[in-house]
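Computed from a prediction, not measured in an experiment: that's the story for all the values here. First the proteins, then the strands, lettered A, B, ... as listed; each starts at 1. Side chains included, hydrogens not; waters and symmetry mates left out as well; all remaining heavy atoms used.
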2 protein chains.
Amino acid sequence: MRPMTQVAAPKASRRTPADKHDERRKALAESALRTLGDLGYARASLREIANNSEFSHGVVHYYFHDKLELIVYCVRYYKQTCVHRYDGVVAEATSPGDLVERFADKLVETIVEEAPMHRLWYDLRSQSMFEESLREAVTQIDQSLEDMIARVLARYAELAETQPALASPVAYGMFDGIFQQALLGHLNGRDGALEELRTRVVELMPMLLAPKA
Amino acid sequence: MRPMTQVAAPKASRRTPADKHDERRKALAESALRTLGDLGYARASLREIANNSEFSHGVVHYYFHDKLELIVYCVRYYKQTCVHRYDGVVAEATSPGDLVERFADKLVETIVEEAPMHRLWYDLRSQSMFEESLREAVTQIDQSLEDMIARVLARYAELAETQPALASPVAYGMFDGIFQQALLGHLNGRDGALEELRTRVVELMPMLLAPKA
DNA sequence: CGCGGATCTTGACAAGTGTCAAGATTTCTT
DNA sequence: AAGAAATCTTGACACTTGTCAAGATCCGCG
């Protein structure tokens with residue numbers, strides 16, 4: 001959620017004429033994401049998306065070819081900021097135990113703060129099982145999430161002076177599974193779903209390391 | 001996909017007059033499941049469902065109150081047979097290693113043979129994150145799947161003469177995660193997705209047991 | 001047979017959908 | 001400031017959707 005001013009003003013061009021287009025796409029995406037997070041992929045109509053924004057419903061086709069392109073753009077745009085969520089954890093952790101704590105806390109935090117975005121992601125990924133045209137984007141995002149987990153795990157092993165016991169796809173699959181489970185529980189209003197996620201991650205992480213000797 | 005004849009004919013009542021109703025509901029559900037597995041929850045219209053069956057589109061509202069009731073009935077109906085998929089594994093395994101092999105094989109087998117049903121389940125579960133009225137059914141099904149995993153794990157620990165190292169919700173979450181990952185890979189046509197699932201499960205299972213001594 | 005209830009079909013309705021084109025409006029350039 | 005290009009609004013289109021009601025058809029029982 002960094003400010004949307006471009007990287008800088010290289011010379012005297014305060015607003016590049018062609019970048020305005022990109023700016024608008026992002027603005028549209030940001031308000032579309034709110035509606036998509038509320039209603040999900042199928043139920044969010046272009047009119048509803050436009051109503052919850054400062055634009056009219058027709059403008060979507062000026063900036064996007066069709067509904068699918070808008071939605072893929074939105075999720076890509078969101079996930080782009082998402083994959084660096086644990087960079088701070090990796091950078092600042094001082095010991096294996098510290099890293100585990102920080103990682104678990106961050107996982108809980110993002111469920112509390114961005115549950116609608118996460119359910120939208122799972123919605124889109126499920127849709128991609130039916131809709132061929134979603135698969136490329138979903139595959140790429142999934143890969144970048146796996147890489148994110150891999151970085152955490154690598155740093156964890158480094159701090160513990162050992163090696164990861166599992167390849168990163170497995171680790172990602174596992175975390176994704178219990179994360180999804182916690183998200184579902186949280187949305188169901190099940191008390192303790194978040195605290196359970198925390199303890200589960202804490203007790204799971206050590207198992208992902210190869211024995212020291 | 002077992003034959004749809006009822007459990008038997010207990011006495012002289014070959015066809016109970018009121019059971020005909022249930023029979024029809026099941027028949028409708030079975031053909032609806034085909035369409036739902038093809039198109040998913042959102043894209044499968046009642047007309048499309050009816051077209052791929054021997055009925056007309058109006059008959060749905062004779063047997064079901066609305067679309068949601070039909071779909072929930074369908075998924076419940078399917079998953080009901082699903083939760084006993086590994087009962088044979090549990091019953092017939094002769095050693096820890098044998099159980100792991102059989103379990104992994106069965107997981108792969110069901111992806112090959114029932115991928116559309118599995119993606120339908122994930123679709124429905126994702127929808128339940130948005131649609132309150134789906135949550136009860138989804139929660140119940142999820143619980144029964146967790147119980148299924150718990151039975152496998154308990155037997156595994158028993159054969160290995162030790163205890164499970166993780167509570168069943170965690171174990172279920174993990175397996176669900178890597179299963180979903182494999183399903184996605186398989187539907188994407190990624191070669192090796194199934195073989196990877198097999199080896200991942202085989203290498204993961206021993207980590208779920210508490211050390212022997 | 002013929003009646004009555006269950007079962008099913010047909011057709012319609014109202015609401016909502018993505019898409020697009022024609023024109024209004026704003027913004028920029030010269 | 002005038003004209004041109006970019007941007008946005010409005011309204012319509014063709015189509016699909018879930019739902020339901022009226023009537024046709026089937027079935028078993030008197």
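Per the geometry, CG belonging to A:L68 stands 9 Å off P belonging to C:dT19, to the nearest Å. Atom CD1 of B:I49 is separated from atom C1' of D:dT16 by 14 Å (rounded to the nearest Å). Protein atom CZ of A:F55 is 6 Å distant from nucleotide atom P of D:dC8, rounded to whole Å. Spacing between atom CZ of A:R43 and atom P of C:dT17 amounts to 11 Å, rounded to whole angstrom units. If you measure from atom CG of B:L70 to atom C1' of D:dT17, you get 15 Å, rounded to the nearest angstrom. Atom CZ in A:F64 sits about 13 Å away from atom P in D:dT7, given to the nearest Å. For the pair A:E23 CD and D:dA6 P, the computed distance is 17 Å after rounding to whole Å. Atom CG of B:L46 is separated from atom C1' of C:dC13 by 16 Å (rounded to the nearest Å).
Across D:dT17, D:dT19, D:dT10, the shortest atom-to-atom separation from the side chain of B:D66 is found for D:dT19. Comparing D:dT17, D:dT19, C:dT19 against the side chain of A:H61 picks out C:dT19 as the nearest. Among the nucleotides D:dC8, C:dC8, D:dT7, the one closest to the side chain of A:H21 is D:dT7. In the set D:dG18, D:dG11, C:dT7, C:dT7 carries the atom at the smallest distance from any side-chain atom of B:Y62.
Nucleic acid contact for A:S45: sugar-phosphate only, since backbone atoms but no base atoms lie under 4.0 Å from a heavy atom of the residue. Residue contacts for B:R47: at a heavy-atom cut-off of 4.0 Å it reaches a base atom on one of the strands shown.
Relative ring orientation between A:H118 and A:F179 is described as perpendicular, the plane-to-plane angle rising above 60° on a 0-90° scale split at 30° and 60°. Between A:Y86 and A:F103, the angle of the ring planes goes over 60°, which puts this pair in the perpendicular group of the 30/60° scheme.
Residue B:R24 places at least one side-chain N or O closer than 4.0 Å to OP1 or OP2 of C:dC8.
B:Y73 pairs in a ring-ring contact (aromatic ring centres under 6.0 Å, His included) with only one of the listed residues (B:F64, B:Y63, B:Y78), which is B:F64.
Both A:Y63 and A:H57 lie close to DNA chain D; mapped to their nearest nucleotides by heavy-atom distance, the more 5′-ward contact belongs to A:Y63.
Remark: side-chain polar atoms of B:T199 are paired, donor with acceptor, to backbone N or O of B:E196 under 3.5 angstrom. Distance alone, capped at 3.5 Å, places no donor-acceptor pair between the A:R119 side chain and the B:S126 backbone.
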